[in-house]
Amino acid sequence: MTDKTPSELIDQRIADLGDWRGDILAKVRGIIKDAVPDVVEEWKWRGVPTWYRDGMICTGETYKAAVKMTFAKGAKLDDPKKLFNSSLDGNVRRAIDFHEGDTVDEAALKALIKAAVALNRRE
């Protein structure tokens with residue numbers, strides 16, 4: 001068991017990655033916090049950063065070749081900028097896989113995050 005808060009554990013994950021994955025995770029986290037200033041950060045499933053506001057918004061999983069941002073109710077979200085590029089066949093979730101060298105469309109991602117929170121509030 002650790003005495004660290006979920007936010008501190010996420011800080012540690014970003015630092016431990018020490019490469020482009022940490023940079024992307026930090027960038028995504030910043031966009032989430034900017035879009036939802038009162039977001040709640042949690043540390044789930046033995047090491048997955050997870051963000052909540054009126055329900056789960058998304059997770060930020062890190063893999064060798066990708067940072068995966070999985071939206072809990074992504075299948076119900078409008079995605080006009082076509083950010084979702086993974087888990088497209090599911091009935092509930094949708095994900096965005098970021099790979100080394102990818103750029104993050106900050107405005108579109110922020111809009112998607114806000115839409116996820118709005119959906120949480122409605123359901």
Side-chain angles (χ1 to χ4, degrees):
M1 201 64 161
T2 180
D3 292 333
K4 291 185 178 183
T5 67
S7 294
E8 290 170 334
L9 291 167
I10 295 169
D11 289 341
Q12 186 66 52
R13 168 66 50 84
I14 290 167
D16 287 348
L17 286 166
D19 60 13
W20 65 270
R21 296 171 302 161
D23 295 342
I24 292 281
L25 185 58
K27 182 172 213 51
V28 164
R29 181 190 198 194
I31 294 167
I32 293 167
K33 288 180 159 188
D34 188 44
V36 188
D38 58 347
V39 71
V40 175
E41 294 187 309
E42 293 193 14
W43 187 254
K44 297 282 197 173
W45 310 291
R46 297 182 192 170
V48 177
T50 308
W51 292 274
Y52 288 83
R53 182 67 181 103
D54 298 313
M56 185 188 293
I57 301 168
C58 63
T59 63
E61 305 129 88
T62 52
Y63 300 97
K64 185 177 181 179
V67 173
K68 180 181 285 288
M69 194 177 178
T70 303
F71 283 75
K73 299 177 184 174
K76 294 183 178 181
L77 297 175
D78 187 30
D79 181 21
K81 297 289 187 176
K82 305 291 186 226
L83 296 180
F84 291 130
N85 61 9
S86 182
S87 305
L88 301 176
D89 295 331
N91 292 329
V92 181
R93 291 180 292 280
R94 292 284 184 274
I96 304 168
D97 285 358
F98 296 100
H99 300 96
E100 188 170 10
D102 285 354
T103 58
V104 178
D105 184 336
E106 294 184 37
L109 185 55
K110 188 174 181 179
L112 199 58
I113 293 161
K114 287 183 174 192
V117 172
L119 178 61
N120 283 347
R121 289 182 176 147
R122 287 193 307 270
E123 293 190 343

Leu88 reachable from Val67 in the ILVMFWY side-chain graph, under 4.5 Å edges: yes
ILVMFWY clustering at 4.5 Å (side-chain atoms), partners of Val40: Trp45, Val48, Tyr52, Met56
Listed once per pair and sorted, the salt bridge (charged side-chain N to carboxylate O under 4.0 Å, His left out) pairs that draw on residues 14-23, sequence neighbours left out: Asp19-Arg21
SB check Asp54 Arg121 (cutoff 4.0 Å): yes
Cluster companions of Tyr63 among Ile, Leu, Val, Met, Phe, Trp, Tyr (side-chain spacing under 4.5 Å): none
Side chain to side chain donor-acceptor pair (under 3.5 Å) against Lys76, all qualifying residues, sequence neighbours excluded: Glu123
Shortest non-hydrogen contact from Ile113 toward Ala35: CG2-CB, 3.9 Å
Distance-only polar pair, side chains of Ser7 and Glu41, donor-acceptor under 3.5 Å: yes
Note: Asp34-Arg29 ion pair, threshold 4.0 Å (strictly below): no
Set of side chain to side chain donor-acceptor pair (under 3.5 Å) partners for Lys68, sequence neighbours left out: Ser86, Asp97
Asp79/Arg94 salt bridge by N-O under 4.0 Å criterion: no
Pairwise ring-ring contact (aromatic ring centres under 6.0 Å, His included) hits with a residue in residues 70-123, at least two apart: Phe71-Phe84
